[in-house]
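In what follows, chains carry the letters A, B, and so on, assigned in the order in which the sequence lines appear, proteins first and then strands, with residues in each chain numbered from 1. Not measured: the values here are computed from a predicted model.
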Protein chains: 2
Amino acid sequence: MTTGTITIGRLSARTGVNIETIRYYERIGLVPAPMRSAGGHRLYDEDASTRLSFVKRARELGFSLPEIRSLIGLEETAPTCADVYALATSHIQSIRKRINDLQALEQRLATLAANCSRSENTECPIIDALGGAYE
Amino acid sequence: MTTGTITIGRLSARTGVNIETIRYYERIGLVPAPMRSAGGHRLYDEDASTRLSFVKRARELGFSLPEIRSLIGLEETAPTCADVYALATSHIQSIRKRINDLQALEQRLATLAANCSRSENTECPIIDALGGAYE
DNA sequence: GCTAACATCTGTAGCGGCTACAGGTTCAAG
DNA sequence: CTTGAACCTGTAGCCGCTACAGATGTTAGC
């Protein structure tokens, strides 16, 4: 084995990214294909670990794989700071929208549940609200 | 055509559920297969419209299709009010969790973006935070 | 009645982002 | 040298639709 390289299992343990997911990222070209051992096993260097961690953190921040691809500079040109900022702010917008939607949803559900008798029969205000009310 | 029945297109327009989605719901058994015209076109009655609206509203409240299936009483037994209440409250929990997660995310992204120079070069604090910081 | 335009039909494949096999090979420890 | 763990490839499945392709049905106007 080449010095300083690790197997996919170790890389997975180190980065917290599932083995299958690492291979998936390779397949779609999000991370480069690593060198191989004589027998065909993947061998990763430090760079690979860095790049994979980057992807993972970006995922945790809610970026999609195509977005990460451009963040990582895999497109023709590496993104400028202004590009990244634009992507980040548009992301923030959509996160805020989702929060709003979810809060409205929570309100509606909570209201319905509050009216609920929790009895053992099949008469239920939640079902009523879904079914008969306004159709 | 039988009196009082409508085509899938009209049903779609009336309920706001996509035609393809209606057929999908039928295929997975979420709504019953309707009668057919001589030529094989689907013909829906009022009941179908009611049931489809039910499904749509439940989807809007964030219930999954399997959950809706049990809400609708397609399982062996129709759910009791207590069952529905349990499902609703567990839903509320998971919605609250998602709201929390998204708010934390928004915070992190906003903080990163605030430090951003928005310049036209490739040096960027967001990228730095993703890439180098702690690996 | 005939034609044109539109609606609907079936079946299948694709989206995102993985995850889970099956059935085989390689590696490392003892 | 053997064992057992780790790894390999390839494919199919998850959810909830959506988007075709290519065929057939329906309906309005002439």
Side-chain angles (χ1 to χ4, degrees), chain A residues 1-3 5-31 33-44 48 52 54-72 74 91 94-95 98 101 105, chain B residues 1-3 5-31 33-44 48 52 54-72 74 91 94-95 98 101 105:
Chain A
M1 188 194 302
T2 316
T3 332
T5 62
I6 55 174
T7 64
I8 196 170
R10 276 175 185 282
L11 179 64
S12 170
R14 182 183 288 187
T15 59
V17 179
N18 202 314
I19 290 180
E20 321 267 23
T21 305
I22 297 173
R23 286 197 284 249
Y24 170 71
Y25 286 167
E26 177 185 329
R27 197 159 63 243
I28 64 170
L30 196 59
V31 299
M35 69 172 84
R36 298 289 186 128
S37 73
H41 286 197
R42 288 171 179 81
L43 294 175
Y44 295 92
L52 190 55
F54 182 103
V55 172
K56 178 161 199 238
R57 289 191 207 111
R59 284 295 295 140
E60 286 167 355
L61 288 176
F63 291 101
S64 72
L65 297 186
E67 284 167 344
I68 293 171
R69 197 187 293 270
S70 67
L71 279 181
I72 241 172
L74 290 179
H91 238 290
S94 81
I95 289 167
R98 278 162 64 200
D101 292 350
L105 197 53
Chain B
M1 186 193 303
T2 317
T3 332
T5 62
I6 55 174
T7 63
I8 196 170
R10 276 175 185 284
L11 180 63
S12 170
R14 181 184 288 187
T15 59
V17 178
N18 203 315
I19 290 179
E20 321 268 22
T21 305
I22 296 173
R23 286 197 284 249
Y24 170 70
Y25 287 167
E26 177 185 330
R27 198 160 62 244
I28 64 170
L30 197 58
V31 300
M35 68 172 87
R36 299 289 185 130
S37 73
H41 286 197
R42 287 170 181 82
L43 293 175
Y44 295 92
L52 189 55
F54 182 102
V55 172
K56 180 163 197 238
R57 288 191 209 111
R59 284 295 297 140
E60 286 167 356
L61 289 176
F63 291 101
S64 73
L65 297 186
E67 284 166 345
I68 294 172
R69 195 187 294 270
S70 67
L71 279 181
I72 241 172
L74 290 178
H91 238 291
S94 80
I95 289 167
R98 278 161 65 201
D101 292 350
L105 197 52

So if I define the base as every atom that isn't primed, P, OP1 or OP2, how would nucleotides 5-15 of chain D read as a B/S/- string at a heavy-atom cutoff under 4.0 Å? --SSB------

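B:S12 pairs with exactly one of B:I22, B:L52, B:T7 by the side-chain contact (heavy atoms from CB on, under 4.5 Å) rule, that one being B:I22.
The side chain of B:N18 places no N or O atom within less than 4.0 Å of a non-bridging phosphate oxygen (OP1 or OP2) of D:dC17. A close approach under 4.0 Å does not occur between any side-chain nitrogen or oxygen of A:S37 and OP1 or OP2 of C:dT26.
Counting to the nearest Å, the C1' atom of D:dG16 and the CD1 atom of B:I28 are 8 Å from each other. One can place OH of A:Y25 at 11 Å from C1' of C:dG16, the figure rounded to the nearest angstrom. D:dG16 atom C1' lies 13 Å from atom CZ of B:R69, rounded to whole Å. Between B:E26 atom CD and C:dT8 atom C1' there is a gap of 13 Å when expressed in whole angstrom units. Separating the CD1 atom of B:I22 from the P atom of D:dG16 is a distance of 17 Å, rounded to the nearest angstrom.
Closest of all the heavy-atom pairs between B:L105 and A:E60 is CD1-O, 3.1 Å. The two residues B:L30 and B:I72 make their nearest non-hydrogen contact at O-CD1, 4.0 Å.
A salt bridge between B:R23 and B:E20 is present, with a side-chain N of the basic residue lying under 4.0 Å from a carboxylate O of the acidic one.
Atom CG of B:L71 is separated from atom CZ of B:F54 by 5.0 Å, given to the nearest 0.5 angstrom. Rounding to the nearest 0.5 angstrom, the gap separating the CD1 atom in A:I68 from the CZ atom in A:R59 is 5.5 Å.
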